[in-house]
Amino acid sequence: QEFSGDMGSKPVKRIETVKGLRGRQFNEDAGPMSHPIRPDSYISMDNFYTATVYSKGAEVIGMYNTLLTPAGFRKGMDLYFERHDGSAVTCDDFRAAMADANGVNLDQFAKWYSTPGTPTVTYSSSYDAESETFTITFTQETKSTEGPLHIPISTGLLDKSTGEEVVPTKVLELKETTQSFEFKGVKGNVVPSILRGFSAPVKIVSSTDSKEDEEALAFLAAHDTDGFNKWEAGQKLYTSLIFQNLKGEDATQTLDYVSEAFGRTLASDPGNDYSIKAYALSLPSEAGLSEELDVVDPVALRKARKETKKAIARKFEKEIRAQYEELTKAMEEDGEFKVDTISTGRRMLRNIMLDYLCSICDSDEEKMACATMATAQFESAHGLTDKMAALQSLVSMNGVAADARDSAIEKFYDFAKDDALVLDKWFSVQAMADLPDVLDRVKVLKNHPDFTLTNPNRCRSLISVFTMNAAHYHNENGEGYKFVGDIIAELDKLNPQVSSRSAGSLIQWRRYNEARGALMKAELEKLSKMKPISDDLFEVVSRGLK
């Protein structure tokens with residue numbers, strides 16, 4: 001992560017890492033397979049090459065760097081290699097080297113290794129003008145059985161009237177269940193920028209009124225000097241708008257905040273970092289949004305997200321189209337395909353513009369316009385990124401745009417058929433299509449001559465990806481669950497590791513409504529009665545049924 005950030009953009013790399021963490025590891029933490037990064041026991045070790053062990057484990061390493069500073073972390077690494085180079089080591093050996101090299105006590109920090117689940121940190125703040133003191137109070141809620149965790153919370157303060165940073169990033173060390181931190185000499189009220197750089201793998205929640213919180217988010221989206229938190233503020237505004245649309249609430253004020261943030265970002269000069277602008281304009285993923293809900297309705301969530309995207313696209317259609325055309329012209333003038341930071345960022349931003357424009361597809365005329373634009377990019381693309389982005393838009397088109405969709409799918413197959421990894425993408429993009437008959441299409445693809453369950457990558461490219469197509473996999477008729485359940489039973493005889501991972505799409509049944517949950521649970525019960533059943537699959541299924 002650090003190397004990639006140094007070679008490109010640190011905020012962009014951090015955003016990409018956190019999006020992956022929230023999409024996979026937070027979901028794992030919320031389910032029956034939740035476990036600490038150092039599991040106490042297991043039936044099959046294959047089930048613990050997980051996002052928790054790897055991704056959350058990397059976050060814990062990152063917290064050492066945050067707490068000790070990069071210089072202190074380097075001292076710890078030097079001592080670690082001096083003591084253990086060439087030897088088998090433990091997490092405790094690493095922690096001891098960090099502590100000893102810096103003369104600090106990290107015993108409380110060790111609880112991260114034994115605590116499952118994602119901690120939630122709630123915060124509130126107040127300003128006393130008379131004493132010029134700004135106070136932030138944090139409360140942590142964790143599954144630790146040994147007391148509170150040691151959580152580094154990187155925080156800065158911005159002047160509420162000017163947007164200027166008045167207190168640069170400071171690491172607040174939360175060690176108690178509830179703990180307050182005071183900032184003295186603060187002349188005028190401020191807005192806190194909390195958990196900068198995502199300094200700890202936690203969920204951060206404001207205790208203030210949602211409307212007041214939205215005002216602060218809009219402020220941070222405009223003024224925050226921390227690239228990650230500036231992006232995060234926008235994501236929270238988008239999330240609030242989507243959820244209000246999901247509940248059928250009046251979202252007028254939130255839409256104004258979102259429009260202000262989106263319009264300002266769209267008009268901004270990205271300099272050499274087009275990627276950060278692209279991320280700032282992107283809506284939260286369905287997977288990320290689901291993590292914020294107690295009971296998930298994937299069909300309603302997709303509808304709310306699509307309607308939000310379309311509303312933004314219609315409001316800014318002229319500006320979005322102008323930027324798409326401007327970026328297209330710049331790329332054409334470059335001629336040569338490049339993989340430098342500027343070029344990759346341009347491609348990313350242009351593909352975000354294409355996605356917004358293709359969301360405006362209600363009438364036949366609009367559908368044909370979207371198909372024409374996406375096809376033009378598909379045909380002219382010099383690299384796979386642009387070709388795939390166009391195909392991702394095309395595969396979900398129907399009605400008068402169906403011929404363009406089918407033609408692109410056929411042409412991409414001819415392009416990909418001699419390269420196994422590219423052919424995996426051909427299967428994946430179709431499995432993610434937002435079409436009413438997508439399950440039938442996946443069943444047809446399962447019988448395609450180039451598909452086989454014996455190749456793990458090919459299997460994942462179709463079956464696992466379909467389970468990520470939440471609105472269709474979770475159709476209340478239960479056909480998606482039955483299809484995947486039958487595949488898992490077949491897979492278990494071929495590759496228990498893949499079958500157990502695939503079963504992860506069924507074990508979260510408690511997070512859905514009663515009808516969906518019962519159908520998912522029924523598939524797990526059917527799998528549990530299989531004879532024989534691998535240890536890998538048995539462990540996942542049995543934990544899922546507890």
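Excluded from the calculations below are hydrogen atoms, water molecules and symmetry mates; all remaining heavy atoms, backbone and side chain alike, are included.
Judged purely by atom type and a 3.5 angstrom limit, Glu286 has no side-chain atom pairing as donor or acceptor with the backbone of Pro298. In this structure, the side chain of Arg511 does not engage the main chain of Gly517 through any donor-acceptor pair within 3.5 Å. Judged purely by atom type and a 3.5 angstrom limit, Ser500 uses its side chain to pair as donor or acceptor with the backbone of Gln497. Using a distance-only test at 3.5 Å, with no hydrogens or angles considered, no donor-acceptor pair links the side chain of Asp492 to the main chain of Ile533. Remark: the backbone N or O of Asp424 is not paired with any side-chain donor or acceptor of Arg460 at under 3.5 angstrom. Judged by distance alone, the side chain of Asp297 and the main-chain N or O of Ala300 form a donor-acceptor pair under 3.5 Å.
In this model, a donor atom of one side chain and an acceptor atom of the other lie less than 3.5 Å apart for Tyr473 and Ser505. Side-chain contact, Asn351 with Gln392: no donor N or O sits under 3.5 Å from an acceptor N or O. A donor-acceptor contact under 3.5 angstrom links the side chains of Tyr279 and Glu16, judged on distance only. For the residue pair Asp29/Thr118, the side-chain donor-acceptor check at 3.5 Å is satisfied.
Summarising the local packing, NZ of Lys19 is surrounded by more than 12 heavy atoms from other residues, nucleotides or ligands at distances under 6.0 Å. Residue Glu514 qualifies as open at atom CD: its count of foreign heavy atoms under 6.0 Å is 12 or below.
A cation-pi geometry, defined here as NZ or CZ lying under 6.0 Å from the six-membered ring centre and within 45° of its normal, does not hold between Lys387 and Phe412.
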